[in-house]
Amino acid sequence: MNQENCRIFSRARQAIWSACKALDLGSGDTVLVPAYHHGSEVEALVQAGLTVKYYEINDALEPDEVTLLPLLDENVKALYLIHYLGFPQDGAFWRKWCDDRNLLLIEDAAQAFLTTKDDTPVGAFGHMAVFCLYKTYGIPDGGAVVSIKPPQPPQLRAESGYWRMVKRHLNWIATRRGEVGFFHALVKPAIAWWKRTNDRPHAEFDMGNPDTPPSVMSSKLLPKLLCQETARKRRNNYEFLLEHLAGMVPRQFAYLPEGACPFAFPLEVQDAQQFLARLRRRGILGLLFWINPHPSLPVEDFPRSRFLRERVLALPVHQELTERDMLRIVRAVRECSASLPTQFAAVV
């Protein structure tokens, strides 16, 4: 983050929009994007004026050259590559693939800050690489972009970040106090219902003002939190859960590659939403991983991505967790799986 071509915004989606503008990507240009995505990154590309063409990932969650080639035409200017859950893709291969076709490589390392492959940080091969700092450290916000043509730094006045930090602490307390966790389990669905009834089903994709800098609190906390031990602790926690819950892990994540700094621990279950609700009642806060794609995605055309959205949920492995916390997670998952049918079918 000390590099001259790095810029930090409040959100990674704002960094994507700004970097696209700096790279002269816009109206008339097309970017190839995986069908398995969050949605906010797609919205940033659309807001930047780009046309999105979706590609299906292969069984290893990688782009498939056979699938990509028919999508190429004179308007395609970039390939969007996502490092899922902190597991590194082969950035070197895809950079050469893009160079051979005069394309830009955009590396989405939002979930892979601190991940390396062959001792090289992910994002190092992209013409543009994006990182979501608050997904690794518990800060209010922070999205970094490293680009061969960096955008101008954000110019708006930074917010304090206090309210976002309060919400994060409430989530933390909910995992340690049963009564707070129970209240949290009731309130969160109510908030989601309110958003749906107010015609904002895709509010989670809102970009906000792309000229927004990180909050004051994030800027102060991040230098103090950065630590070489972070990746090691996350790996240890992931491997602990893998040892105890391996039978419930999607096979793409059943082995932790060297250098990965995992964002979360995935489980594959038949009814992920109900499973998460039962976990919350036991004080374990997971998330339904990317359940809502961008509205422009023709979901039925991409069965593998649809399967992953409907079946995969994520459990915490962050560096603040203790061995006692990990045992609580294992116990809660086993209790839930004993009373809720699960299905560990192969991805189609």
Side-chain angles (χ1 to χ4, degrees), residues 3 5-7 12-13 15-84 87-112 115-131 144-151 252 257 259 293-294 296-298 301-305:
Q3 295 181 12
N5 59 339
C6 178
R7 301 288 184 268
R13 62 196 71 177
I16 293 170
W17 184 94
S18 300
C20 285
K21 293 296 184 180
L23 289 169
D24 297 321
L25 292 172
S27 179
D29 296 332
T30 298
V31 58
L32 304 181
V33 177
Y36 192 41
H37 57 258
H38 177 272
S40 61
E41 72 283 77
V42 177
E43 183 64 18
L45 295 169
V46 171
Q47 291 293 329
L50 287 154
T51 298
V52 172
K53 275 188 181 181
Y54 293 107
Y55 66 85
E56 183 69 290
I57 53 177
N58 65 18
D59 192 44
L61 306 186
E62 301 168 340
D64 188 340
E65 187 173 11
V66 174
T67 302
L68 293 177
L69 290 176
L71 300 176
L72 296 177
D73 59 34
E74 61 183 10
N75 295 320
V76 175
K77 305 299 182 184
L79 171 68
Y80 199 95
L81 181 71
I82 298 179
H83 300 276
Y84 297 103
F87 282 54
Q89 301 272 4
D90 192 347
F93 173 86
W94 291 109
R95 173 58 184 261
K96 184 179 185 306
W97 190 89
C98 287
D99 287 345
D100 290 345
R101 292 159 180 81
N102 197 29
L103 302 177
L104 297 175
L105 175 62
I106 301 174
E107 291 194 66
D108 187 329
Q111 300 176 347
T115 288
T116 62
K117 183 176 177 62
D118 299 328
D119 295 324
T120 300
V122 296
F125 294 100
H127 297 87
M128 174 175 107
V130 183
F131 305 87
V145 61
V146 178
S147 175
I148 59 171
K149 292 178 63 178
Q252 297 90 345
H294 192 270
S296 64
L297 177 73
D301 294 345
F302 301 95
R304 182 173 289 113
S305 295

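Along the sequence shown, residues carry numbers from 1.
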For residues 63-76, the side chain to side chain donor-acceptor pair (under 3.5 Å) pairs (sequence neighbours left out) are Lys53-Asp73, Glu65-Trp97, Glu65-Arg101

In this structure, CG of Leu61 is separated from CD1 of Ile82 (nearest 0.5 Å) by 10.5 Å

Task: Donor-acceptor pair, side chain of Asp29 and main chain of Leu50, under 3.5 angstrom - done: no

Residue pairs passing the side chain to side chain donor-acceptor pair (under 3.5 Å) test with at least one member in residues 30-47, sequence neighbours excluded, are His38-Ser40, Glu43-Gln47, Glu43-His294

Distance col, row Leu104:CG vs Asp99:CG, nearest 0.5 angstrom, shows 9.0 Å

Scanning both residues in full, the closest heavy-atom pair of Arg7 with Pro151 reads NE-O, 2.7 Å

query = Side chains of Phe302 and Pro34: does their closest heavy-atom pair fall under 4.5 Å?
reply = no

| field | Donor-acceptor contact present, side-chain Glu107 to main-chain Gly123, <3.5 Å | value | yes

Q: Walk me through it: do Gln252 and Asp59 pass the test side-chain contact (heavy atoms from CB on, under 4.5 Å)?
A: CA-CA 8 Å; Gln252 297 90 345; Asp59 192 44; 3.8 Å; yes

CG of Leu25 to CE of Met128, rounded to nearest 0.5 Å, is 7.5 Å

| query | Would you say Arg304's side chain and Ile57's backbone share a donor-acceptor pair under 3.5 angstrom? | reply | yes

Residue set satisfying salt bridge (charged side-chain N to carboxylate O under 4.0 Å, His left out) with Lys149, at least two apart, ordered chain then number -> Asp24

Scanning both residues in full, the closest heavy-atom pair of Ala19 with Val145 reads CB-CG2, 3.8 Å

- Could you give me the CA-CA distance, side-chain angles and deciding distance for Ser296 and Val42, then say whether side-chain contact (heavy atoms from CB on, under 4.5 Å) is met? CA-CA 9 Å; Ser296 64; Val42 177; 4.2 Å; yes

So CG of Leu103 and CH2 of Trp94: to nearest 0.5 Å the spacing works out to 11.0 Å

#### Entry: Neighbour count >12 (heavy atoms, 6.0 Å) for atom CG, Asp100
yes

Correct closest heavy-atom pair for Pro88 and Pro257 would be CD-CG, 3.9 Å

Rounding to 0.5 Å, atoms NE2 (His83) and CZ (Phe131) come to a distance of 8.0 Å

### Query
Under 3.5 Å, is there a donor-acceptor pair between the side chain of Glu56 and the main chain of Ala35?
no

- Please examine the side chains of Gln89 and Pro63, heavy atoms only from C-beta on, and report whether any two atoms are closer than 4.5 Å. yes

Here the pair of heavy atoms bringing Trp17 nearest to Ala44 is CD1-O, 3.6 Å

Practice prompt. Would you confirm whether Lys21, through its side chain, and Ala48, through its main-chain N or O, come within 3.5 Å as a donor-acceptor pair?
Written response: yes

Worksheet item: Any donor and acceptor pair, going by atom type alone, linking the side chain of Asp118 with main-chain N or O of Thr120 inside 3.5 Å?
Response: no

Go through the steps for Cys6 and Val146 under the test side-chain contact (heavy atoms from CB on, under 4.5 Å), then give the verdict.
CA-CA 4 Å; Cys6 178; Val146 178; 4.0 Å; yes

side-chain contact (heavy atoms from CB on, under 4.5 Å) test vs Tyr80 passes for just one of Leu105, Ile16, Val52, namely Ile16

